[in-house]
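Here the structure is a predicted model, which is why all the values come from computation and not from measurement. Here is how names work: the chains are called A, B, and so on, in the same order as the sequence lines, proteins then strands, and each is numbered from 1. Note that these values count all heavy atoms, side chains included, but never hydrogens, waters or copies made by symmetry.
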2 protein chains.
Amino acid sequence: MLLSYTEENYLKALLKITFNSGINEVGTNKLAASLVVKPATANDMLKKLKEKELVKYEKYGKIKLSKSGQKIALDIIRKHRLWETFLYQKLEFSWDEVHEVAEQLEHIKSEKLIDKLDKYLNFPEFDPHGDPIPNRNGELKVHYKKTLSDIAVGSSCKMVAVKDNSSSFLQYIIKVGLGINNQIKVISKQEYDSITIIEVNDILSSVSLKFAENIYVLCGDCIEGKKCFECQ
Amino acid sequence: MLLSYTEENYLKALLKITFNSGINEVGTNKLAASLVVKPATANDMLKKLKEKELVKYEKYGKIKLSKSGQKIALDIIRKHRLWETFLYQKLEFSWDEVHEVAEQLEHIKSEKLIDKLDKYLNFPEFDPHGDPIPNRNGELKVHYKKTLSDIAVGSSCKMVAVKDNSSSFLQYIIKVGLGINNQIKVISKQEYDSITIIEVNDILSSVSLKFAENIYVLCGDCIEGKKCFECQ
DNA sequence: TAATAAAGTTAGACTAATCTAACAAATAAA
DNA sequence: TTTATTTGTTAGATTAGTCTAACTTTATTA
Ligand SMILES: [Mn+2]
Ligand SMILES: [Mn+2]
Ligand SMILES: [Mn+2]
Ligand SMILES: [Mn+2]
């Protein structure tokens with residue numbers, strides 16, 4: 001079944017909402033907001049997607065992706081993240097620039113293209129933001145759970161991904177001298193507002209709670225190779 | 001000015017018609033045929049493109065690209081040919097597969113992307129079919145003029161480009177053992193129907209007039225580095 | 001030159017994706 | 001348990017791109 005650019009974006013939005021919020025209770029308003037359209041518009045599209053059996057949905061009920069809808073959404077995400085990786089690794093885009101272009105590239109229709117790209121990049125498992133890349137069967141590594149704000153004072157951790165993908169945050173991270181795979185030591189934490197002093201490459205920085213909550217990390221135990229069920 | 005996928009294709013079609021036919025007297029019917037739409041549809045679009053000052057066009061008159069329309073069309077062709085080169089050189093697509101995917105990729109909007117791709121490919125001057133790639137100012141090498149059918153019996157030449165880009169012809173060329181930059185010696189030519197015996201890499205093949213007319217070549221003089229005004 | 005053919009235009013209709021405004025249902029608050 | 005608020009739906013309109021069928025203009029040919 002050949003889907004339009006727009007239909008693909010609705011499916012992707014549905015998957016992303018459940019990814020991010022954990023909830024899989026998505027309503028018309030939330031979906032519409034995430035696509036920056038009006039609820040009436042989303043409602044129309046939902047009828048169409050239901051007709052094509054890509055979503056499960058009853059009037060006034062909650063929306064869920066069907067099995068096939070989910071597979072397609074995962075495929076779009078696979079393409080998005082592979083293209084981001086290509087732009088970052090091969091064309092030397094910075095990590096705050098890749099998303100916008102990948103939003104376009106993810107809709108290019110050619111299985112051969114994406115499989116060859118995957119191979120060319122040597123089957124990467126994570127994109128430049130640390131997000132897992134689904135394989136061609138739609139399977140993907142479990143995403144990280146622990147953030148920098150969960151790390152106790154005195155402990156070390158490793159930055160593995162970014163939660164907020166906005167380019168302003170991504171640029172800010174670089175400015176602080178931080179990046180994927182960096183070791184971070186939590187030096188101190190202000191009790192009143194959780195302002196945290198971290199040490200990265202021997203440089204101290206002070207970051208807000210909001211900042212710390214948007215940096216995914218692996219804890220000290222995980223770094224040393226021990227399994228930790230809290231981290232992933 | 002941000003153009004739609006469709007508008008871009010109309011501009012590209014206009015440029016391609018003038019490229020290929022030499023004529024720059026394009027009418028509604030010819031344009032429509034080249035885009036596989038009905039004349040009525042092309043007529044509607046022409047009004048819109050005129051409004052945007054991308055084409056010069058009066059009712060019942062001939063169609064011409066404006067300066068800005070031509071620049072945009074050249075830009076699409078630049079993107080198309082750079083993507084073809086990428087698919088061919090980096091992702092190991094065969095030369096008969098690249099066009100279809102490039103038809104989609106040529107509409108991705110990002111100047112940075114195309115400039116970085118250009119650099120990544122080391123500023124190629126020709127695509128996998130030997131067609132010249134416009135630079136970022138829309139300037140391009142003059143295209144080849146002489147075809148294999150122009151070469152005299154006993155003379156040698158070098159294949160430099162393909163006139164007919166259909167995948168069936170491209171596949172056929174490979175089957176004959178021919179490719180860009182191959183030396184071709186014209187062994188004999190049947191007077192009645194111009195069936196030509198050629199020698200490529202010590203192998204003899206017999207090709208039709210239609211075939212020979214669709215292979216661009218440089219003549220013997222040009223191969224030896226002498227300038228020849230007939231060839232380019 | 002007049003008839004015929006070819007090329008080009010217009011009118012009216014359709015689909016996909018969007019909107020606004022009005023309405024209905026479900027949920028939360030009083 | 002009413003009332004108010006939030007959430008979701010419907011109706012009607014709009015724009016881009018396409019079509020068919022009818023018509024007009026230009027070009028060709030007899
Ligand atoms: Mn992204
Ligand atoms: Mn990403
Ligand atoms: Mn091509
Ligand atoms: Mn080409």
Side-chain angles (χ1 to χ4, degrees), chain A residues 1-14 17-18 21 23-65 69 72-73 76 103-104 106-107 109, chain B residues 1-14 17-18 20-21 23-65 69 72-73 76 103-104 106-109:
Chain A
M1 185 182 2
L2 216 64
L3 299 184
S4 73
Y5 181 106
T6 311
E7 291 169 321
E8 289 186 345
N9 278 340
Y10 275 84
L11 297 179
K12 187 180 60 155
L14 283 169
I17 290 169
T18 58
S21 62
I23 322 156
N24 53 352
E25 290 275 289
V26 187
T28 311
N29 283 10
K30 196 177 258 178
L31 175 60
S34 110
L35 286 158
V36 199
V37 297
K38 297 289 134 96
T41 308
N43 186 264
D44 283 349
M45 180 58 85
L46 246 16
K47 288 177 193 160
K48 193 160 57 142
L49 294 176
K50 190 197 168 171
E51 198 53 48
K52 295 190 177 188
E53 300 191 322
L54 297 167
V55 299
K56 290 168 197 160
Y57 162 67
E58 297 304 329
K59 211 164 143 179
Y60 292 108
K62 292 301 173 185
I63 310 154
K64 278 192 82 172
L65 283 169
I72 291 168
I76 309 290
E103 285 287 305
Q104 298 178 61
E106 71 188 8
H107 300 289
K109 280 162 184 76
Chain B
M1 184 185 0
L2 215 63
L3 299 185
S4 73
Y5 179 107
T6 311
E7 291 169 322
E8 288 186 346
N9 278 339
Y10 276 85
L11 297 178
K12 187 180 62 155
L14 283 169
I17 290 168
T18 56
N20 295 337
S21 61
I23 320 156
N24 55 353
E25 287 277 288
V26 187
T28 311
N29 283 9
K30 196 176 257 177
L31 175 60
S34 109
L35 286 158
V36 197
V37 296
K38 296 291 135 102
T41 308
N43 186 263
D44 283 348
M45 181 58 86
L46 247 15
K47 287 176 194 162
K48 193 161 54 141
L49 294 175
K50 190 196 169 171
E51 198 52 48
K52 295 189 175 186
E53 300 191 326
L54 298 167
V55 299
K56 289 169 196 159
Y57 161 69
E58 297 303 328
K59 212 165 145 179
Y60 294 107
K62 291 302 171 184
I63 310 154
K64 278 190 82 171
L65 284 168
I72 292 168
I76 308 291
E103 286 286 305
Q104 297 179 62
E106 71 188 8
H107 300 289
I108 302 292
K109 279 162 183 78

If the test is side chain to side chain contact (heavy atoms under 4.5 Å, CB included), which one of A:L65, A:L35, A:L54 qualifies with A:L14?
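So the option named by the test is A:L65.
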
Is [X] close enough to [N] that one of its side-chain N or O atoms is under 4.0 Å from OP1 or OP2 there?
| X | N | value |
| --- | --- | --- |
| B:T6 | D:dA16 | no |
| A:T41 | C:dC19 | yes |
| B:K47 | C:dT10 | yes |
| B:K62 | C:dG8 | yes |
| A:K59 | C:dA25 | no |
| A:N43 | D:dG8 | no |
| B:Y60 | C:dT10 | no |

Length of the NZ-P vector between A:K38 and D:dT7, whole Å
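Interatomic distance, NZ of A:K38 to P of D:dT7: 16 Å.
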
Closest approach to the side chain of B:V37, judged atom by atom: which nucleotide of C:dT9, C:dA7, D:dT18 is it?
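The closest nucleotide is D:dT18.
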
At under 4.0 Å between heavy atoms, what does A:A40 touch on the DNA or RNA strands: base, sugar-phosphate, or nothing?
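If one applies the 4.0 Å heavy-atom cut-off, A:A40 turns out to touch a base.
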
Within the 4.0 Å heavy-atom criterion, would you say A:Y5 contacts the bases, only the backbone, or no part of the nucleic acid?
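Since no nucleic acid heavy atom lies under 4.0 Å of A:Y5, the category is nothing.
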
With no hydrogens and no angle check, is any side-chain donor or acceptor of B:K109 less than 3.5 Å from a backbone partner on B:L3?
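Indeed, once roles are kept as given, a pair shorter than 3.5 Å links the two residues.
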
Side-chain donor or acceptor of A:K62 paired with backbone N/O of A:E25 under 3.5 Å
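No.
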
When you match B:G27 and A:P39 each to their closest nucleotide on DNA chain C, which lands nearer the 5' end?
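Its nucleotide being nearer the 5' end, the pick is B:G27.
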
Heavy-atom neighbours of A:E103 CD exceed 12 at 6.0 Å:
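Count over threshold, so yes.
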
